[in-house]
Amino acid sequence: MHERAARLYDAARPIGADIVVSLPRSYFDRPVTDIARELIGAGLFVAGVGGRIVEVEAYDATDPASHSFRGPTPRNAAMFGPAGHAYVYKIYGIHFCLNIVCQKGSAVLIRALEPSEGVGTMVERRGLMGEKQLCSGPGKLAQALGIGLGHNGMPLDAFPFEIRAAEQEHAIGVGARIGITKGAETPWRFVLQGSPFLSRPLR
DNA sequence: CCAGGGATCCCCT
DNA sequence: GGGGATCCCTGGG
């Protein structure tokens with residue numbers, strides 16, 4: 001487990017109690033690329049449905065690819081709100097994407113999960129079998145977890161959300177982000193090295 | 001590869 | 001205030 005996460009857990013857990021707690025929202029009020037790295041291997045659950053995060057991307061207000069680049073608007077307001085909350089937006093008219101707000105104007109886009117809890121529910125929502133395709137992309141993941149615009153701005157350390165810090169050591173792959181034109185060279189995509197649950201291989 | 005899908009926001013009247 | 005390019009995508013060829 002990352003050192004900072006471990007300290008927060010210890011502070012939140014009564015001595016002797018074996019309770020798993022969600023990372024507190026204050027955890028996310030730090031530089032977005034640090035958090036993006038630390039989120040690889042972290043557990044993400046919505047009403048108990050979810051699994052390990054295996055792919056994320058970082059965005060901040062200095063970044064021409066970011067929704068926050070040109071300042072606050074009604075759509076991106078959550079990115080300028082408190083850290084540790086959700087920024088959910090609709091893309092291409094059909095899909096939703098889930099981001100974790102970090103320092104003001106920055107967020108981590110959650111792009112892929114390794115499903116572990118509530119797989120049956122995910123299969124139902126996605127209308128297909130095959131664990132590798134349930135959450136292998138931001139729109140797929142949002143659909144599998146039941147994420148919609150109603151989740152925009154919600155705190156991530158309270159129901160229905162739960163985020164647990166990664167517990168194991170693992171190799172992290174770094175590369176260019178996917179599907180953008182501006183800022184395309186910025187290496188702010190982070191993946192769990194070798195995971196079969198990525199949206200696309202690293203490049 | 002490429003069509004579908006609709007909101008958003010730039011930039012010009 | 002409005003036209004139109006753009007968009008952090010997906011699924012099916």
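These numbers come from a predicted model, not from an experiment. In what follows, chains carry the letters A, B, and so on, assigned in the order in which the sequence lines appear, proteins first and then strands, with residues in each chain numbered from 1.
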[X] [atom1] to [N] [atom2], straight-line distance once rounded to whole Å:
X      : N      : atom1 : atom2 : value
A/R200 : C/dT10 : CZ    : C1'   : 13 Å
A/Y92  : C/dT6  : OH    : P     : 12 Å
A/F96  : C/dT10 : CZ    : P     : 13 Å
A/L149 : B/dT8  : CG    : P     : 8 Å
A/R111 : C/dC9  : CZ    : C1'   : 8 Å
A/N152 : B/dT8  : CG    : C1'   : 14 Å
A/F69  : C/dT6  : CZ    : P     : 17 Å
A/Y89  : B/dT8  : OH    : C1'   : 13 Å

### Message
For the P atoms, the ones on B/dC11 and on C/dC8, what distance do you get once it is rounded to whole angstrom?
### Response
16 Å
Strictly below 4.0 Å: does [X] bring a side-chain N or O up to OP1 or OP2 of [N]?
X      : N      : answer
A/R70  : B/dC9  : no
A/R126 : C/dG11 : yes
A/K182 : C/dC8  : no
A/T181 : C/dT6  : no
A/K90  : B/dG5  : no
A/H95  : B/dG5  : no

### Task
Would you please determine if the base of C/dC8 is stacked by A/Y59, with stacking meaning a centroid separation under 5.5 angstrom and planes under 30 degrees?
yes
Within the structure shown, what part of the strands sits under 4.0 Å from [X] by heavy-atom distance: base, sugar-phosphate, or nothing?
X      : value
A/I180 : sugar-phosphate
A/R177 : nothing
A/S199 : nothing

#### Entry: Stepwise side chain to side chain donor-acceptor pair (under 3.5 Å) check, A/R126 with A/Q143
CA-CA 6 Å; A/R126 296 269 300 122; A/Q143 186 182 27; 2.7 Å; yes
### A/T121: which of A/E117, A/E124, A/R125 passes side chain to side chain contact (heavy atoms under 4.5 Å, CB included)
A/R125
#### Entry: Given A/I178, A/L113, A/L109, A/L192, the one that forms side chain to side chain contact (heavy atoms under 4.5 Å, CB included) with A/E55
A/I178
### Query
If you measure only the distance, is there a donor-acceptor pair under 3.5 Å linking the side chains of A/E114 and A/S195?
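Judged by distance alone, the side chains do not pair up.
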Taking pairing as Watson-Crick or G-U wobble with both contacts under 3.5 Å, can you name the mate of [N], or confirm there isn't one?
N      : result
B/dG5  : none
B/dT13 : none
C/dC8  : none

#### Entry: Heavy atoms of other groups near A/Q193 CD, more than 12 under 6.0 Å
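Above 12, so yes.
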### Task
Compare every heavy atom of A/C97 with every heavy atom of A/N99, then report the nearest pair and how far apart it is.
ND2-O, 3.8 Å
### Query
The side chain of A/R75 lies closest to which of these nucleotides: B/dG4, B/dC9, C/dC8?
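Within the option list, the nearest is B/dC9.
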